[in-house]
Amino acid sequence: MILFKFLGTLDILSGIVILLLKFGFLVDIGVLLAIFLAIKSIIFIKDAASIIDLVTAGFFILAAFGFYFSFTWIFSIWLLQKGLFTLIYH
């Protein structure tokens, strides 16, 4: 149960950081959170949400290195809602 809360909190934090990367803030933390998201999604790869997380991690890394696409905010919304649902329902 505590693990779910921790992972949900990190998803919310990742969603916020990916938005801040547009303005060049928290780049180092963004890279670390993108690596965390990629590792987490590889561990749970059989789940459909993990495949979306893996794609999100790829765009997260691109955003951390300055390649911020106009639809990257969709991945931020994905992480925020997934994190909120994890905190609410677990």
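Bear in mind the structure is a predicted one, so any value in this text is a computation, not a measurement.
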Could you name each residue pair satisfying ring pair (Phe, Tyr, Trp, His ring centres under 6.0 Å) that touches residues 10-30, not counting sequence neighbours?
none
Residue pair Gly30 / Ala64: nearest heavy atoms and the distance that separates them
C-CB, 4.5 Å
What are the two closest non-hydrogen atoms of Ala57 and Ala34, and how far apart are they?
CB-O, 3.7 Å
Under 4.5 Å between side-chain heavy atoms, chaining through other members, with only Ile, Leu, Val, Met, Phe, Trp and Tyr counted: pull out the rest of the cluster around [X], sorted by chain and number.
X	answer
Met1	none
Ile45	Ile42, Ile51, Leu54
Tyr89	Phe85, Ile88

Take Phe75 and Val55 through the side chain to side chain contact (heavy atoms under 4.5 Å, CB included) test and state the conclusion after the steps.
CA-CA 9 Å; Phe75 297 116; Val55 173; 4.1 Å; yes
List for me each residue that meets side chain to side chain contact (heavy atoms under 4.5 Å, CB included) alongside [X], sequence neighbours excluded, and say none if there are none.
X	result
Leu62	Phe59, Phe67, Phe69
Leu10	Phe6, Leu13, Leu33, Phe36
Ile12	Ile16, Leu80, Leu84, Leu87
Ile39	Ile35, Ile43

Under the rule for salt bridge (Lys or Arg N to Asp or Glu O under 4.0 Å), what residues qualify as partners of Asp11, not counting sequence neighbours?
Lys40, Lys82
Sort and list the pairs that fulfil salt bridge (Lys or Arg N to Asp or Glu O under 4.0 Å) and have at least one residue in residues 21-38, not counting sequence neighbours.
none
The complete set of salt bridge (Lys or Arg N to Asp or Glu O under 4.0 Å) pairs with one or both residues in residues 59-70, sequence neighbours excluded, reads none
Report the distance from atom [atom1] of [X] to atom [atom2] of [Y], rounding to the nearest 0.5 Å.
X	Y	atom1	atom2	answer
Leu21	Ile61	CG	CD1	11.5 Å
Ile74	Thr56	CD1	OG1	10.5 Å
Leu19	Ser14	CG	OG	11.0 Å

Check the pair Leu37, Leu79 against side chain to side chain contact (heavy atoms under 4.5 Å, CB included), reporting the backbone distance first and the verdict last.
CA-CA 10 Å; Leu37 188 61; Leu79 290 171; 3.9 Å; yes
Determine which pairs satisfy side chain to side chain donor-acceptor pair (under 3.5 Å) with at least one residue from residues 59-80, sequence neighbours left out, and list them in order.
Asp53-Trp78
Side chains of Thr86 and Leu7: closer than 4.5 Å at any heavy-atom pair?
no
Flag side-chain contact, heavy atom, 4.5 Å: Phe60 against Val31:
no
